[in-house]
Each structure stands twice: as C-alpha cells, then as structure tokens.
Amino acid sequence: MNAPSPVTAHPESHDEVESLCAVLHRFGARLSPRTIDTDGRIPPPVLDELKGMGLLGLTIPEAYGGAGLGLQAACRVAATLARYDRSVATTAGLHMGLGTRGLVAYGSGALKERVLPRLATGTLGAFAATESNAGSDLTAVATKAMLDQDRLLVDGAKIYVTNGGLAGVFTLLVSTPWATGGRRAQSLLLLERTDHGLEVGAEEKKLGLRGSSTTSLFATGVEVSPDRIIGEPGTGARQASHVLSWGRTVMASGCLGSAGAALDAALRHVTTRKQFGRTLAQLDVVREQVADMAATHFAMEALIQDTAASVTDEELLARSLGAKVVCSEGGWQIGDTALQLHGGSGFIEDTGLALVLRDLRITRIFEGANDVLLVHAGTLAVTTGMPVTDPALDGLPEDLRAHHQTLRQRFSTHLAEVKLRHGVRLLGDQRRLHRIGRLATLRASCDAAVRRAASEGTSLALAHAAHWLQLSAQQQARWLDEPAPKDTVSAIAEAHYGRVTP
Ligand SMILES: Cc1cc2nc3c(=O)[nH]c(=O)nc-3n(C[C@H](O)[C@H](O)[C@H](O)COP(=O)(O)OP(=O)(O)OC[C@H]3O[C@@H](n4cnc5c(N)ncnc54)[C@H](O)[C@@H]3O)c2cc1C
C-alpha cells in the first residue's frame, strides 16, 4: 500500500516561484480575456506557451520530469494567472490540483512512471467525480469499475469535467463494490483519452469561465488493467477528500487573483473619476468600501498562506473548507463592489468587470458548494474542535490582540453552550452546523489575518488585520444569533414547495 504523501512535496523555493510568477505576469498581460470569453476557448498557442514554461510539471515530482513544488507554489501560480484570465488560471490550476494530485499523492511507482512524465510536459489532466445523480453527495457515484478476472470493466457517465475537451488523462472517482469496504467502496481510477470506449461529450455553454473546457465523459465497456486503480482499491473516498482539499485551495487562490485584479481596477477608477467636483476616492463612503475590499483581500491571502502551509491532511481539509468559502465569497464581494464603484461603466463588458464577476460566480459552487462545505466545517468544529493553532501574536498592538481574543472567546463559549444544550442532536441539526461552520471559518480567517499582520509588522498590515476583525465581528454577531424558528421556516418553505408541481 502507498503511504499518503506529505501535503507539501518539499520546502518551496521562494526565488524559483517568484521568478516564474514574474514571467507569468508578462505572459498574462498579453492575454485577451474578452476574446477568450467570446470564442469560448483558449487559443492553442497560449496553452502551448504555458506548457513551454514548464507550468504543467510544477507540482509533479522531479523524478518524473516536474519541478517537484507543492501547494504553496501552485497557489501563487493560480493567483497570478487569475489576475489576467480566469479561464487560463482554471485550466492550469485544475491540472496542478484535481487533475494530477491523486496520481502524485497515491499512485504506484509503475503508474507514475508511465503517466506523470507526460503530465509534466504536455498532457493536461482532469478529474471526474460528479455525475447527474452524484453532485454534492459523492457517495452516490454510480460509475462502476468491475473486476473481471484480470481486467477492469468501466461503465458510467460523468458530467461537468473541467479540462474534459483538452485532457489526455482523467482521474475518475468510481464505485468498486468488490474492493475492501464492500458495496460502498470507491476508488480513484486513471483513464486515458485513447482508451477504447471512453468518449468526451460536447462543450457546455456557461455563464462564465467560457474559455475553460467543461464536458461530460462517457465510459462504455472500457477495459483496462487493474493497475489503473490509483493506490489501494477501496480507498478512493479518503483519497478524493485529500485531492479535493488540495484542489479547492488552488481554486481559492484563483479567487484571490481575480479579487486583486478587481480591487486594482476599482482603485484606478475611483482615483480618476470625478463627480461632485472631486474624485470618487475622496468620498468617505467610497474610502470605506475600498478599506473593506483591501482588508478582505488581505484576509483571503493570509488564509491561503495558512492553508497551503498545512502539514497534515487533517489540517489541510479543515483549512481548505474555510479558505474556499472565504475566498469565493470574498472574491465575489470585491468583484461586486468594484463593479458598483464603476457605476454604469462596470456593467459594460468592455470594462472587464462583468467578465470577472461571471467567472467568479461558479467558485461558490464547484469543488464543493459553499453551504455543503460550511455544514462540513461545522461538523468538524463540533466533533474535533478543528485543528486550531494559536497564532503567534508577538508584536501586535494590545487593542488588536484583545479584539482577536474576544472574537475567539465568543466563538468558543458559543460552541461549548450549543454542545451542552443540544448534545448529540446537534449533529443532526443542519442549520446549526452551518452557522457553526460560518463561525469557524470566520475564526480561521481572523487567526490568519492577525498571524500575517504580526509577521509582516507594518502599520498597513496591522490596519488591514484590525479592519478585518471589525468586519468579522459584525458577521460573527449575525451567526451567533439564534436561527429563525424552525417551524416558521419549514411552514413557509412547505407552503411554497406546494405551489410547484415536480
Ligand atoms: C463549470 C463547472 C466545472 C466543474 N468541474 C468539475 C470537475 O472538474 N470535476 C468534477 O467532478 N466536478 C466538477 N463540477 C461539478 C461541481 O463540483 C458540482 O456542480 C458541485 O459539487 C455541486 O454539485 P451539484 O451541481 O450536483 O449540486 P447539488 O448537489 O444538486 O446541490 C445544489 C445546491 O443545493 C444545496 N445543497 C446541496 N446539498 C446541501 C447540503 N448538504 N447542505 C446544504 N445545502 C446543500 C447547495 O446550495 C447546492 O449548491 C463542475 C461544475 C461546473 C458548473
């Protein structure tokens, strides 16, 4: 059996990543996001250039032709690319995340030897878990890989496969009821585009990310050798959890990049646009919105840094839930505020913000719908307390430290009270778990923001962290409040459900 790989391949080479990002900034500045959006595809020479830069091999071990870097590097790259074009960032990010992580972390030496050198140099990877009846609930996956003597027979249909139209290698989550774990056992399986019986569907038409390929994938009597199973048969659910934690962290970094671009666009606009005889930037309400955007961006970046530095799988899972929710929602808020500050021009495609928002919208849904992740985060907080480390706060001003402690204390007290009051029933109370998930992700973002401020030590970093705590306190008050009475909520919902005939 393969031991799970450590979360990070080896300590990141800061210089190596920074010089790559400098190249990517020049590359990104030459992209035409509007053309990519309108054409619904990334021009092949752009993909070739990415491959030529060695980007596909960034997170693939050196032994297989890659650069052997880890999650921190993948996050920096995804954030950098997303500043310029989210479809390009998604195509590359998916490859570095979901598309290759399963094989890198769990594949046998022989399988890696056979496939990773190609994935490191020119072949794109994709990850196919979702099916028409298995979305948020991946335990319902119906695609089966059945053992037939010395062959595996694969049948089923996957939907919404990012990179589907471009990839040469697919990691599938499949049902393997013959494996350890029995009827519900799942495994990760590697299929190649050239496998007989594997077909890629047509490109989906989407609200955003139009340059990124999204297709179905059909396996009809695909016959492959059992050594295509990644790692131990029957351990697919656990492996998928790791792969998704990794992938959603890379995706959350893309939100950071999009948000950074939107913030910069807003800054350029408000400092030049004049109304009422002065620039918008001089208006107090605008200043506050800019401060909100900047503090949110600061906290998003801090949370990504914390998540990408996770040491254990448990840490990565717990932190990635918060990073994904905070960054997808923060990205959306920053994009939305940037558009609002542009006034009518923000609504016009040429400004570019409409595209940023359209591209951002899916990030609250894919790689785990946010509400599902929040319930998960709430469950973790109730059952394990989530792996929380106290941030080192040396050098922080007393008021910032005290505010941070107050927010943490309020959450701990609330969690203890709710657990005492509801006991084991809490684990069946989805709405309370969802609220606890909200509170837990807020706490993680506050911890990350103060940790970052303490380490940077500048007055601007301290101001960002203080402002984020202020915004978080408002949010926290909302989620500490009792939920609306269940009877009322159910009565309203049921009445409306009754108005529609399925
Ligand atoms: C552009 C795009 C790219 C994608 N790329 C990939 C990919 O590469 N690989 C892949 O495997 N999948 C991919 N997906 C699929 C994506 O991950 C799923 O769409 C997502 O996980 C949600 O599943 P679903 O669409 O079936 O929604 P459902 O599971 O039907 O959920 C719909 C909504 O119901 C609510 N909900 C559901 N369950 C709960 C719950 N337990 N608690 C609270 N609320 C709940 C949420 O609001 C949720 O958004 C992609 C999707 C899109 C649109």
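Read the numbers this way: they start at 1 and go in the same order the structure lists the ligands and their atoms.
Looking only at atom types and distance, the side chain of Glu131 has a donor-acceptor partner in the side chain of Thr143 under 3.5 Å away. A donor-acceptor contact closer than 3.5 angstrom links the side chains of Thr176 and Ser187. In summary, the side chains of Arg364 and Ser328 do not present any donor paired with an acceptor at a separation below 3.5 Å, with no hydrogens or angles considered. Side-chain contact check for Thr235 and Gln239: at least one donor-acceptor pair (N or O, by modelled atom type) lies under 3.5 Å. Checked by atom type, the side-chain pair Lys206/Thr214 shows a donor-acceptor distance below 3.5 Å.
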What short N/O contacts, under 3.5 Å, does ligand 1 make with the protein, listed by atom pair and distance?
{"residue": "ligand 1", "atom": "5 (N)", "partner": "Tyr160", "partner atom": "O", "Å": "2.9"}
{"residue": "ligand 1", "atom": "5 (N)", "partner": "Thr162", "partner atom": "OG1", "Å": "2.7"}
{"residue": "ligand 1", "atom": "8 (O)", "partner": "Phe127", "partner atom": "O", "Å": "3.4"}
{"residue": "ligand 1", "atom": "8 (O)", "partner": "Thr162", "partner atom": "N", "Å": "3.0"}
{"residue": "ligand 1", "atom": "8 (O)", "partner": "Thr162", "partner atom": "OG1", "Å": "3.3"}
{"residue": "ligand 1", "atom": "9 (N)", "partner": "Phe127", "partner atom": "O", "Å": "2.8"}
{"residue": "ligand 1", "atom": "11 (O)", "partner": "Ala129", "partner atom": "N", "Å": "2.8"}
{"residue": "ligand 1", "atom": "11 (O)", "partner": "Thr130", "partner atom": "N", "Å": "2.9"}
{"residue": "ligand 1", "atom": "11 (O)", "partner": "Thr130", "partner atom": "OG1", "Å": "3.1"}
{"residue": "ligand 1", "atom": "12 (N)", "partner": "Thr130", "partner atom": "OG1", "Å": "2.7"}
{"residue": "ligand 1", "atom": "14 (N)", "partner": "Tyr160", "partner atom": "O", "Å": "3.4"}
{"residue": "ligand 1", "atom": "29 (O)", "partner": "Ser136", "partner atom": "N", "Å": "2.9"}
{"residue": "ligand 1", "atom": "29 (O)", "partner": "Ser136", "partner atom": "OG", "Å": "2.6"}
{"residue": "ligand 1", "atom": "41 (N)", "partner": "Gln430", "partner atom": "NE2", "Å": "3.4"}
{"residue": "ligand 1", "atom": "42 (N)", "partner": "Gln430", "partner atom": "NE2", "Å": "2.8"}

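With values rounded to the nearest 0.5 angstrom, Ser310 atom OG is found 9.5 Å from Leu317 atom CG.
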